Amino acid sequence: LLTLTACQSLAETISEAQEESFHKAYFRERATKYDLNAKTNSEEKLQGDLKFAIVIVDMQELFLAKVTPGESFEMLREQKKVLQIAQEQDIPVLVFEYENNGPTIPTLKEYIEAVPRHKYFTKDEDDGFYPISDEYREEWPGSWLKEQNADALYFMGVNGSACVLATANGAYMDNFTIATSNEVIATGDEATKEQYCPQEQCNEAKSSLLFFLENGILDKENETFLK
């Protein structure tokens, strides 16, 4: 006979398998929808007087460790281009760091510190806009961004299908226009538990890009936003 503990363990295993199956099906459906759509809407959406700020999400060593060296190099190269423009044009930069996971990597922090208006926020949820205890946060990210007169946010960072996506959704719910490009975020394929996938090469990556396509601004190339 199975013991109570063994039954509970079996039930948990079945529940986890069902949840994983559901997530795979969900991301597969979203990826299919992404494949059937245009991969950019920037020409149409980058109109009007949008006042951008840059939002950097979780560019910390622990999270970057699973990004392949080639993808990490290319992403950082494009992010640095954005931060150079932010320095030259005084565009505000907000940096989210997941608590207890170390600081933003030095090679990027150097560029952030050179931007006249920049601010760091700690978060303890995937969504950086989610309410957090006062011991970590004295100011609300949305309030700071609005004080900088920003109404549109360009997202960069990892993980595209988790923290970047959740934080973009939080910003969207706070009435900001959200934007990104394939070249400034990296996405992990949670189905493998460890493998990060280049943009457009796994279902989770496509699903997160689809969110920006449906609710904000997306372009395959960072250069479009630099202009």
Side-chain angles (χ1 to χ4, degrees), residues 52-145 147-148 150 152-171 174 176 178-188 194 196 198-199 205 208 212 222 225-226:
F52 271 97
I54 313 302
V55 176
I56 298 172
V57 181
D58 297 353
M59 288 296 292
Q60 297 155 272
E61 194 64 45
L62 178 69
F63 303 115
L64 287 165
K66 291 183 180 180
V67 179
T68 62
E71 186 180 8
S72 179
F73 175 82
E74 292 174 3
M75 177 176 63
L76 281 166
R77 180 191 61 202
E78 296 302 320
Q79 290 178 349
K80 289 174 181 178
K81 290 179 184 178
V82 174
L83 290 171
Q84 286 176 324
I85 296 294
Q87 178 186 355
E88 294 166 5
Q89 300 185 12
D90 190 24
I91 299 170
V93 174
L94 185 153
V95 184
F96 284 115
E97 295 174 335
Y98 218 119
E99 66 167 328
N100 301 323
N101 286 290
T104 299
I105 56 172
T107 52
L108 195 63
K109 196 166 187 174
E110 176 185 349
Y111 284 79
I112 294 168
E113 301 290 338
V115 177
R117 290 185 289 161
H118 68 271
K119 192 172 182 67
Y120 293 86
F121 285 89
T122 301
K123 64 188 183 73
D124 65 355
E125 299 281 348
D126 284 2
D127 177 5
F129 288 87
Y130 190 81
I132 191 171
S133 64
D134 290 339
E135 80 178 280
Y136 294 113
R137 184 173 285 169
E138 297 178 356
E139 190 174 6
W140 191 248
S143 299
W144 184 81
L145 288 165
E147 286 173 5
Q148 311 311 310
L153 308 178
Y154 188 58
F155 282 84
M156 310 194 301
V158 294
N159 181 336
S161 63
C163 291
V164 173
L165 177 59
T167 303
N169 182 64
D174 202 17
F176 287 98
I178 57 171
T180 195
S181 81
N182 300 37
E183 296 183 321
V184 295
I185 61 175
T187 297
E194 60 183 13
Y196 270 71
Q199 294 295 2
S208 59
F212 283 93
N222 182 39
F225 294 94
L226 296 179

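Nothing here was measured: the structure is a model prediction, and the numbers come from that model. Residues: numbered from 1 along the sequence shown.
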Between [Y] and [X], is there a side-chain heavy-atom distance shorter than 4.5 Å?
{"X": "F225", "Y": "I54", "answer": "no"}
{"X": "I85", "Y": "F52", "answer": "no"}
{"X": "F155", "Y": "V184", "answer": "no"}
{"X": "V82", "Y": "Q79", "answer": "no"}
{"X": "S181", "Y": "Y154", "answer": "yes"}
{"X": "N159", "Y": "F63", "answer": "no"}
{"X": "L76", "Y": "M59", "answer": "yes"}
{"X": "C163", "Y": "F96", "answer": "no"}

With rounding to the nearest 0.5 Å, note down the distance linking [atom1] in [X] to [atom2] in [Y].
{"X": "L108", "Y": "Q60", "atom1": "CG", "atom2": "CD", "result": "11.0 Å"}
{"X": "I56", "Y": "Y120", "atom1": "CD1", "atom2": "OH", "result": "7.5 Å"}
{"X": "D58", "Y": "I105", "atom1": "CG", "atom2": "CD1", "result": "12.0 Å"}
{"X": "N169", "Y": "D126", "atom1": "CG", "atom2": "CG", "result": "11.5 Å"}
{"X": "N222", "Y": "M156", "atom1": "CG", "atom2": "CE", "result": "8.0 Å"}

Quick one: closest heavy-atom pair of [X] and [Y], and the distance?
{"X": "P116", "Y": "D90", "answer": "CB-OD1, 3.5 Å"}
{"X": "T167", "Y": "D127", "answer": "CA-OD1, 3.5 Å"}
{"X": "V158", "Y": "A186", "answer": "CG1-CB, 3.5 Å"}

Quick one: side-chain contact (heavy atoms from CB on, under 4.5 Å) partners of Y111, sequence neighbours excluded?
-> K80, L83, Q84
I91 and V115: side chain to side chain contact (heavy atoms under 4.5 Å, CB included), yes or no, with the steps?
-> CA-CA 8 Å; I91 299 170; V115 177; over 6 Å; no
If the plane angle is over 60° it's perpendicular, under 30° parallel, otherwise tilted; pick one for F129 and F176.
->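 Aromatic pair F129/F176 classed tilted.
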Show your working on side chain to side chain contact (heavy atoms under 4.5 Å, CB included) between L94 and K119 and close with a plain yes or no.
-> CA-CA 5 Å; L94 185 153; K119 192 172 182 67; 5.5 Å; no
Residues which pass salt bridge (charged side-chain N to carboxylate O under 4.0 Å, His left out) with E78, listed by chain and number, not counting sequence neighbours =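 Counting only residues at least two positions away or on another chain, E78 forms a salt bridge (charged side-chain N to carboxylate O under 4.0 Å, His left out) with K81.
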Taking only residues two or more places apart in sequence, or in another chain, which ones meet K109 in a salt bridge (charged side-chain N to carboxylate O under 4.0 Å, His left out)?
-> none
Let me see the working for E183 and E74 under side chain to side chain contact (heavy atoms under 4.5 Å, CB included), right down to the final yes or no.
-> CA-CA 7 Å; E183 296 183 321; E74 292 174 3; over 6 Å; no
